[in-house]
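In what follows, residues are counted from 1 in the order of the sequence shown. All values reported here derive from a predicted model rather than from experimental measurement.
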Amino acid sequence: MTTTDDKIKSDHGKQQNIKIELLKWLNEGKNSYEIIYEFAKYLEDVSSEPSYADIVLKDIRSVYGIGLNEPSILSNELLEIRNRLAKLETALKSADNEEIQNHLKFAIEHHKKKIQELEHKLEQ
């Protein structure tokens with residue numbers, strides 16, 4: 001039979017890594033939104049719930065980025081979109097199928113529009 005003391009010791013041991021990571025992130029001065037996202041990734045892993053961290057990230061970007069104009073969130077998203085745009089443009093150059101080229105062109109235009117939107121939000 002498991003006693004309360006055994007349960008406490010067990011839980012403390014299982015969660016030790018995330019506790020150490022939290023202290024490290026705080027001491028490094030990590031952005032609070034990044035800490036939330038890191039916790040979401042951890043919860044996704046331990047709960048075996050795929051895409052949970054992605055949902056949290058989208059919500060952070062929607063509420064704090066677009067909704068509240070949090071510059072750090074907008075800047076991070078802008079950087080990621082620019083990186084994806086560069087990969088899409090490289091893929092377009094090597095695509096030899098017209099259908100794939102059309103899909104890539106559509107995605108490139110969408111990324112360019114999103115970049116303009118985020119740049120405008122950051123200028124406000």
Side-chain angles (χ1 to χ4, degrees):
M1 182 169 175
T2 304
T3 67
T4 302
D5 285 342
D6 290 337
K7 176 80 173 121
I8 291 171
K9 288 176 187 172
S10 173
D11 288 344
H12 282 248
K14 288 180 186 176
Q15 306 309 324
Q16 193 64 27
N17 289 343
I18 194 67
K19 289 167 39 181
I20 290 170
E21 285 296 310
L22 174 59
L23 292 174
K24 181 179 115 186
W25 298 329
L26 292 171
N27 286 315
E28 291 174 347
K30 193 168 197 168
N31 179 313
S32 58
Y33 305 111
E34 292 175 19
I35 292 173
I36 293 168
Y37 179 59
E38 292 296 332
F39 267 113
K41 290 193 304 188
Y42 169 78
L43 291 171
E44 176 181 288
D45 184 49
V46 297
S47 68
S48 299
E49 185 177 346
S51 302
Y52 178 74
D54 290 337
I55 293 167
V56 169
L57 182 59
K58 286 178 185 173
D59 286 350
I60 289 171
R61 287 180 171 165
S62 295
V63 175
Y64 295 98
I66 301 298
L68 298 174
N69 289 331
E70 178 63 41
S72 63
I73 301 296
L74 294 171
S75 295
N76 287 342
E77 185 175 5
L78 182 59
L79 179 63
E80 286 182 21
I81 292 171
R82 284 182 176 150
N83 289 339
R84 285 197 309 266
L85 176 61
K87 290 177 182 178
L88 288 168
E89 290 173 333
T90 300
L92 179 61
K93 290 176 187 173
S94 63
D96 54 4
N97 177 301
E98 186 178 343
E99 184 179 348
I100 292 173
Q101 289 174 347
N102 289 335
H103 285 289
L104 290 171
K105 287 176 185 176
F106 179 81
I108 287 168
E109 287 307 310
H110 180 74
H111 278 67
K112 287 179 178 179
K113 287 178 184 175
K114 187 66 175 180
I115 287 169
Q116 288 177 337
E117 175 188 328
L118 291 172
E119 286 174 340
H120 178 70
K121 293 285 277 179
L122 283 165
E123 290 170 1
Q124 295 178 346

- Query: How long is the gap from CG on Asn31 to CD1 on Ile73, to the nearest 0.5 Å?
  - Reply: 5.5 Å

- Task: Please report the closest heavy-atom contact between Lys41 and Ala53, naming both atoms and the distance.
- Result: CG-CB, 3.6 Å

- Task: Under the side-chain contact (heavy atoms from CB on, under 4.5 Å) rule, what do Glu80 and Arg61 come out as? Steps first, then yes or no, please.
- Result: CA-CA 12 Å; Glu80 286 182 21; Arg61 287 180 171 165; 2.6 Å; yes

- Applying side-chain contact (heavy atoms from CB on, under 4.5 Å), run through Ile108 and Glu89 and close with a yes or a no. CA-CA 7 Å; Ile108 287 168; Glu89 290 173 333; 3.9 Å; yes

- Quick check: does any side chain N or O of Gln101 sit under 3.5 Å from a backbone N or O of Leu92, one acting as donor and the other as acceptor? no

- Query: Given the rule that I, L, V, M, F, W and Y join up when any side-chain heavy atoms are under 4.5 Å apart, are Phe106 and Ile81 in one cluster?
  - Reply: no

- Note on the structure: One should read off an interatomic distance between Ile18 CD1 and Glu38 CD, to the nearest 0.5 angstrom, of 8.0 Å

- Message: Nearest 0.5 Å, please: how far is CG in Leu79 from CD1 in Ile115?
- Response: 10.0 Å

- Message: In terms of relative ring orientation, are Trp25 and Phe39 parallel, tilted or perpendicular, with 30° and 60° separating the classes?
- Response: perpendicular

- Does the pair Glu21/Lys30 count as a salt bridge with the N-to-O cut at 4.0 Å? no

- Of the non-hydrogen atoms in Ser72 and Tyr33, which two are nearest, and what is the gap between them? OG-CD1, 4.1 Å

- Hey, quick one: are Leu74 and Val56 part of the same hydrophobic cluster, counting side-chain heavy atoms closer than 4.5 Å, chains of contacts allowed? no

- When rounded to the nearest 0.5 Å, the distance separating CG of Leu104 from NZ of Lys93 is 12.5 Å

- Item | Name of the residue among His110, Lys114, His111 meeting side-chain contact (heavy atoms from CB on, under 4.5 Å) with Leu85 | His111

- Over all atoms of both residues, closest heavy-atom pair of Ser75 and Leu122: OG-CD2, 3.8 Å

- Is there a path from Val46 to Ile55 through hydrophobic residues (I, L, V, M, F, W, Y) whose side chains come within less than 4.5 Å of each other? no

- Separation between CG of Leu78 and CD of Glu117, rounded to the nearest 0.5 Å: 10.5 Å

- If you measure from CG on Asn76 to CG on Leu118, what distance do you get to the nearest 0.5 Å? 11.0 Å

- Task: Step by step, work out the salt bridge (Lys or Arg N to Asp or Glu O under 4.0 Å) result for Glu77 and Lys121.
- Result: CA-CA 12 Å; Glu77 185 175 5; Lys121 293 285 277 179; over 6 Å; no

- Query: Side chains of His120 and Gln124: do they bring a donor and an acceptor to under 3.5 Å?
  - Reply: yes

